[in-house]
Amino acid sequence: MNELPKITMMGVTMHPWTMQQTVDEIFRRIEDGRFTQHVVVNVAKLVHMRHDAALRDSVTACDITNIDGMGVVWGAKLLGFEVPERVAGVDLFFNLLAMAESRQRSVYILGATDEVVKQAVEKLRVQFPGLRIAGFHHGYFWDDEQSVVEEIANSGAELLFVAITSPKKEQFIDRWKDRLGVKFAMGVGGTIDIVAGKTKRAPQWMQKCGMEWLYRVIQEPGRMWKRYFNTNLAFAGLLLKAMVSRKFRETGK
């Protein structure tokens, strides 16, 4: 099998794969018995990694780093990299559940509020009736992390999905990966809120146009507008700097 490609952009190594390549590689590693820590990167995460050393260390420790966010896809293409498609975390989540159902692999869902995660699990059991859900737990357990880690390990789950905000989810997985007992761990952010119906995902046309962030701003303007304005502006500056640097390297050859 030919080795799948990698690219390095703004100091971060990413895997510009298709959705199917990603799913196949994850289950290949699971079947080989190799632990896999997975992460998706978007504009905000790339920007925050510049000044958050703990987040940067957690992301760079991951085995597979997919590109989630059309801003990063477009930025990579402007820098001359080939990126076949965006691999959104929420879409990958559903693809992995479908594969886990077909291959009888058990999963554990961690995160969101107690009510939301229960609602999400109920809906997942309807959508994936053959899926083995080994357990679930809300995401407010920071006063007793070890007991939650032990619960996950004792559940026998092979795939762990952590629906907690960044950088907490990346740091949690990286901190406990040797004791979780799973073969695959992935941060899924607000995905469980979407599954439960608490929040809605942007329409397909907004996702394809790279405007999913705007949909989130419309839903939560007070909390989101400043965050996205600042990170998008910072990313544009980083991208311009990378493009200028690339141009100088090319002209210097």
Original post:
side-chain hydrogen bond (donor to acceptor under 3.5 Å, both in side chains) between W17 and E25: does it pass, once the steps are laid out?
Top reply: CA-CA 10 Å; W17 304 342; E25 180 63 15; over 6 Å; no
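- Between Y108 and E151, the closest heavy-atom pair is OH-OE2, 2.6 Å.
- Aromatic ring orientation, F128 versus F94: parallel (interplanar angle below 30°, classes split at 30° and 60°).
- Taking both residues in full, the closest heavy atoms of L131 and R105 are given as CD1-O, 4.2 Å, listed atom of the first, atom of the second, then distance.
- Between the D193 side chain and the T199 main chain, no donor and acceptor come within less than 3.5 Å of each other.
- The closest donor-acceptor contact from the side chain of S245 to the backbone of A242 lies at 3.5 Å or more, if one exists at all.
- Both L160 and I164 are members of a single hydrophobic cluster when ILVMFWY side chains are connected at heavy-atom separations under 4.5 Å.
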| said: I'd like to know whether F93 forms a side-chain contact (heavy atoms from CB on, under 4.5 Å) with L124, so could you lay out the CA-CA distance, the side-chain angles of the two residues, the decisive distance to 0.1 Å, and finally the verdict. | reply: CA-CA 11 Å; F93 171 75; L124 290 175; 4.1 Å; yes
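- In this structure, L46 CG and I67 CD1 are separated by 8.5 Å, a value rounded to the nearest 0.5 Å.
- E85 contributes no side-chain N or O that, together with a main-chain N or O of T18, makes up a donor-acceptor pair within less than 3.5 Å.
- Note on E122 versus R125: no salt bridge recorded, every NZ/NE/NH1/NH2 to OD/OE distance being 4.0 Å or above.
- Below 30°, between 30° and 60°, or above 60°: for H48 and H51 the angle between ring planes is above 60°, a perpendicular geometry.
- Taken together through direct or relayed side-chain contacts under 4.5 Å among Ile, Leu, Val, Met, Phe, Trp and Tyr, V83 and V40 form parts of separate hydrophobic clusters.
- Between W176 and V148, every side-chain heavy-atom pair lies at or beyond the 4.5 Å cut-off.
- For the pair N154 (side chain) and E150 (backbone), a donor-acceptor distance under 3.5 Å is present.
- Atom CD of E82 sits in a sparse spot, with 12 or fewer heavy atoms from other residues, nucleotides or ligands closer than 6.0 Å.
- Salt-bridge annotation for E158 and R103: absent, with no side-chain N of the basic residue lying under 4.0 Å from a carboxylate O of the acidic one.
- A donor-acceptor pair under 3.5 Å links the side-chain atoms of R29 to the main chain of F35, judged by distance alone.
- V87 and M14 end up in different hydrophobic clusters when Ile, Leu, Val, Met, Phe, Trp and Tyr side chains are linked at under 4.5 Å.
- Nearest approach of I173 to A185, heavy atoms of both residues: CG2-CB, 3.7 Å.
- Note that the CG atom of L110 and the NE2 atom of H137 stand 7.5 Å from one another [nearest 0.5 Å].
- K118 and D114 are joined by a salt bridge, as a carboxylate oxygen and a charged side-chain nitrogen come within less than 4.0 angstrom of each other.
- A single hydrophobic cluster is seen to contain both I30 and L97, as judged by linkage of ILVMFWY side chains at heavy-atom distances under 4.5 Å, directly or through other members.
- L4 contributes atom CG, which lies 8.0 Å from atom OG1 of T22 (distance to the nearest 0.5 angstrom).
- Summarising the local packing, CH2 of W205 is surrounded by 12 or fewer heavy atoms from other residues, nucleotides or ligands at distances under 6.0 Å.
- M9 and L79 make their closest contact through CG-CD1, 3.9 Å (heavy atoms, listed as atom of the first residue, atom of the second, distance).
- Under a cut-off of 6.0 angstrom, the local environment of NZ in K226 is sparse, with at most 12 non-hydrogen atoms contributed by other residues, nucleotides or ligands.
- Between the CZ atom of F161 and the CD1 atom of I133 there is a distance of 10.5 Å, given to the nearest 0.5 Å.
- Residues R201 and Q207 have side chains that bring a donor and an acceptor to within less than 3.5 angstrom of each other.
- Within the 4.5 Å cutoff, no side-chain heavy atoms of I26 are placed close to those of M99.
- Interatomic distance, CD of E170 versus CG of D57, reported as 12.0 Å (0.5 Å rounding).
- With D63 contributing its side chain and Q37 its backbone, the two residues share a donor-acceptor pair below 3.5 Å.
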Run the numbers on H38 and L92 for side-chain contact (heavy atoms from CB on, under 4.5 Å), then give the verdict. CA-CA 11 Å; H38 176 277; L92 179 58; 3.3 Å; yes
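- Scanning both residues, I7 and P16, for their nearest heavy atoms gives CG2-CG, 3.8 Å.
- A donor-acceptor pair under 3.5 Å is absent between the side-chain atoms of R86 and the main chain of M70, judged by distance alone.
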Would M186 and L96 satisfy side-chain contact (heavy atoms from CB on, under 4.5 Å), going step by step from the backbone distance to the final call?
-> CA-CA 11 Å; M186 170 186 178; L96 291 174; 4.0 Å; yes
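- How far NZ of K45 is from CG of D52: 11.0 Å, rounded to the nearest 0.5 Å.
- Without hydrogens or angle criteria, H15 side chain to N66 main chain gives no donor-acceptor distance under 3.5 Å.
- Contact of the F184 side chain with the V107 side chain is not registered, since no non-hydrogen atoms from C-beta on lie closer than 4.5 Å.
- What you find for K177 and A61 is that their closest heavy atoms are NZ-CB, 4.3 Å.
- Looking at V188 and K169, their side chains never come closer than 4.5 Å, going by heavy atoms from C-beta outward.
- The local environment of CD in E115 is sparse, with at most 12 non-hydrogen atoms from other residues, nucleotides or ligands closer than 6.0 Å.
- Residues V90 and V116 share a hydrophobic cluster, clusters being chains of Ile/Leu/Val/Met/Phe/Trp/Tyr side chains in contact below 4.5 Å.
- The shortest distance between side-chain heavy atoms of F81 and P5 does not fall below 4.5 Å.
- When atom types are taken as modelled, the side chain of S106 and the backbone of G156 share a donor-acceptor pair closer than 3.5 angstrom.
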Note to self: With side-chain contact (heavy atoms from CB on, under 4.5 Å) as the criterion, how do N232 and V43 come out once you've worked through the C-alpha distance, each side chain's angles and the decisive distance to 0.1 Å?
What the structure shows: CA-CA 7 Å; N232 287 349; V43 165; 3.7 Å; yes
